[in-house]
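The structure appears right after this line, and notes come after that.
Sequence lines set the chain letters: A, B, ... in the order given, protein chains first and strands last, and positions in each chain run from 1. Keep in mind the model is a prediction, meaning the values are calculated, not measured.
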Amino acid sequence: MSTSSPPSYDPPPELNEPQRNAVAHAEGPLLVFAGAGSGKTRVIVYRIASLVAFHEVPPYRILAVTFTNKAAAEMKHRLTGLVGEAMTKDLWVGTFHAVCARLLRRYHAAAGLERNFVIYDDSDQRAVVGRVLKELDLDDRRYPPRQVLSRIHHEKQEGRSPADFVKQGYFDDAVGECFAKYEQHLKQANAVDFDDLLLHVLRVVEDPDSPAGEELRLRFHHVLVDEFQDVNQVQYRLVKGLTLHTHNLTTVGDDDQSIYRWRGADVRVIRNFRRDFPDATVIKLEQNYRSTGNIVRSALGVIKPSAEREPKEIWTANKDGEPVLVVGADSEHDEAGWVVEHVRTLIEHGVSARDIAIFYRVHAQSRVLEEVMRAEKLPYQIIGGMRFFERAEVKDILCYLRAVGNPRSDVDLLRIINVPSRKIGASTLEKLVQTANQQGSSVYDSIEPLISGSSLGTAAKKSLLSFRDLFQSLMAEARTASPSQLCEEILHRSGYQKMLEDEDSAEADARILNVNELVQSIVDYEEEARAADQPATLDGYLERVSLTADADTLEDTPRVAMMTVHAAKGLEFDTVFITGMEEELFPFKGLDPKRGEDLEEERRLAYVAVTRARRQLVITHASRRAIFGQTRYGLPSRFLGDFPKGSTRAIMTPAAALMRDRIRPSGSFQQASFQESGSFGARRGEWQHPQERVPAAAPVTAPVESAPGTKVRTTELTPQAVTSVYVGRPNQRPTAPLPPQRRAPQAFTPAHARQTSPARAPGERYLERDVDAAEGTGGMAAGGQVTHEIFGAGVVEQVDSGPDPAVTVRFSGHGKKRIKARFLRFVDNHD
DNA sequence: TTGCCACAAATTTTT
DNA sequence: TTTGTGGCAA
């Protein structure tokens, strides 16, 4: 190696001497097990830099694949710093799909595609399946397109074609046929789906007789794969094929972070790598540089029970830091209120919002959190969910662009042929598709015969004719205009813009903005292309759109990031809130109890979530949660029980503590009522962190966090009433750490409650009762605390007395409201 | 053919 | 709770 020109970078401190040598110099297969926070990206980058600098491997002979654009960008960024921009530019760095799309444009002929193939996304694919089902005369209620499609996906991820399809059960009989027809349609449309991008390349690479295949097999001298635990069979075969001659395959990953099994990822690939490559050098990075001792130990506790994992001793030299805070909340509203309250505390103490993240297991959980964040006027950003490019209006325009670029793409044509309305209705469309099927052509090609044929009425013919003229003029335009110009023309000539303008509603206005943003994104693309000295083509833009995920758009503005745990992989934050840590939700339990492997993956998912936090981790769970339209009662997640006791501290929100005490006495009104609601019985009284669980007979303490001595002057609460009672003190937030649980005084006992509470007739509204006792606004004054049935806890800002007194209250989670005093209960802070 | 309404269904994670 | 779909009437 060259000693004369020392590299301008330091080797990763994460590596010891032998590891460093292996990474810098190993020929042949190399496997790096990189635990969370162990600096794996540095390792890959360091290796690439070494190959270029010491081993003089031409950059264009090096391929580094990732799973997300973000990871690819990060890698490029770091490489630029190490080996310079010129070198980095020539490296092949990108996602599997982006790299394959690029290769496929070059080798399209070998794959039997036109150069201008389009990439179908999920909804396009579903549209194809829908059409296939119709053609095969299958009931789409018995065979939901989604399920059929996911079955097809599964097959393709394993690298199987319709010919290899193995039927299992009656459902597959239909799926098999659909699969074949689906592939046929894609081919006919000159389209590929996500799986095809890899599959087409794979078929070429694995074809021993194909000259293009041999070219591909020789193309790269080194292939490096990031997040190797996430590869599926196709991806594995692909990188194996590309390194067939050199065996220079570097893989970096962490089997503990394999969370994409449902997407075809196969953990066994990384676990069996040594078996497939007996000569592989294996390195384990076990030191965590990211998180505090408590977090790292918690992470290890969560992942330890995992079966069959590659043994790794994860440790850190960092300080212990704060214990992991486990918060029991009453409902999802209570949970959100608590979380947001503490986010606000952090921000008020100078923490940047960009260092805070809130995670949840499913998107459905985000709504409540979002509402509270918005009410509190805290800056936040939701990652995932509805993507920009999937919005109806954006998708419409994209379909126009794609159809104009590739008229054979039926899905696109059918989507836009009558948008805006051109009086081309269902019956005409039916005939179009029928004709297309009969003559084995595209829908576009069946327009002409129908116009000249006799099966349509004159009105329908006229409509078709005008569409054809429009479309042809757009295609002509496409030959000369730039993508952005073409887009403008489409908006204009198709009448789409006018349609939106005429609608004149707030939604339409938002759509116009979105469409404008789309145009802007094309302009951006053109400018980038120009800067990179490359032609800006329509296909290029469309490809980029197809391969860009929302997770790549995490903005760098200071906002609290809210996302699913899946979306959080690869990210890190100082403070992390993991919400919804309950059985059924996390681990998530679907309808089919195929458990086993699924549970393993949920555990790994929990591990991923925990290891995102650098300094403080807060985990919340709620005893009650309205999700998917109905209220469910749940127990804290089993994963909480795996946290080492010394590293956590469990507390409850005031509302949760309140509830627990309400439940305890047997035969009481509340318990009876809960049992009627049918979801749980006595167990609920034991609701608390598993490790803090006390014997049933032990006295129950009711920790009222941040408001010691707080007493609620009300008496009995119906279950409904407690929905959002939050007895915090929003304006007097302590700095972290939060008070420990033990010392909290009992706010009140069930016995106490019974004594002071008058008997109540069933159905009687408790609120009015309490107001009677309170005598108007008695006791309410600015600064006082009140609770409202819907808005929860708040602080009085102003009192307007009168016959029906009203109060202005600032609610935690709902902002400022003016409310009649009789709808409020107030909280007495004095004993 | 379109638009509205009612009803039903489903409701994880995504390159 | 939201989203989608189907039928029906104009």
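Closest to the side chain of A:Arg367, from the set B:dT14, B:dT15, C:dT2, is C:dT2. Among the nucleotides B:dT13, B:dT15, B:dT12, the one closest to the side chain of A:His97 is B:dT15. The side chain of A:Ser427 approaches B:dT1 more closely than any other nucleotide in the set B:dT1, B:dT15, B:dT14.
In this structure, A:Thr428 reaches the sugar-phosphate backbone alone: every heavy-atom distance under 4.0 Å involves primed, P, OP1 or OP2 atoms, never a base. Residue A:Phe67 is in sugar-phosphate contact alone, with no base atom involved, counting any heavy-atom pair closer than 4.0 Å across all strands shown.
A stacked arrangement is assigned to A:Trp262 and the six-membered base ring of B:dT13, with a centre-to-centre distance below 5.5 Å and an interplanar angle below 30°.
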Are there any protein N/O atoms within less than 3.5 Å of an N/O atom in nucleotides 2-9 of chain B, and if so, which ones and at what distance?
residue, atom, partner, partner atom, Å
B:dT2, OP1, A:Asn418, ND2, 3.2
B:dT2, OP1, A:Ser421, OG, 2.9

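Atom-to-atom, CD of A:Glu370 to C1' of C:dT1 comes out at 15 Å; the value is rounded to the nearest Å. Between A:Asp122 atom CG and B:dT12 atom C1' there is a gap of 13 Å when expressed in whole angstrom units. Atoms NZ (A:Lys156) and C1' (B:dT15) sit 14 Å apart, rounded to a whole Å. Here the P atom of nucleotide B:dT13 and the CD atom of A:Glu602 are 11 Å apart, to the nearest Å.
Under the 6.0 Å distance and 45° angle rule, A:Arg126 does not count as a cation-pi partner of A:Tyr120. Cation-pi geometry between A:Lys498 and A:Tyr496 is not met: the NZ or CZ atom fails to fall both under 6.0 Å from the ring centre and inside 45° of the normal.
Nearest-nucleotide positions on DNA chain B for A:Leu605 and A:Ala460 put A:Ala460 closer to the 5' end. Residue whose closest nucleotide on DNA chain B sits further toward the 5' end, between A:Asp195 and A:Leu429: A:Leu429.
Judged as a side-chain hydrogen bond (donor to acceptor under 3.5 Å, both in side chains), and not counting sequence neighbours, the contacts of A:Gln257 are A:Asp254, A:Arg612. Residues passing the side-chain hydrogen bond (donor to acceptor under 3.5 Å, both in side chains) test with A:Arg468, sequence neighbours excluded: A:Glu448. Evaluation of the side-chain hydrogen bond (donor to acceptor under 3.5 Å, both in side chains) rule for A:Glu332 yields no partner, not counting sequence neighbours. Here A:Ser366 pairs with nothing under the side-chain hydrogen bond (donor to acceptor under 3.5 Å, both in side chains) rule; sequence neighbours left out.
Separating the C1' atom of C:dT5 from that of B:dT12 is a span of 23 Å, rounded to the nearest Å.
Between the side chain of A:Arg361 and the base of B:dT12, a donor-acceptor pair under 3.5 Å is found.
Screening residues 414-435 of chain A for salt bridge (charged side-chain N to carboxylate O under 4.0 Å, His left out) gives A:Asp396-A:Arg415 as the qualifying pairs, with residues at least two apart or on separate chains.
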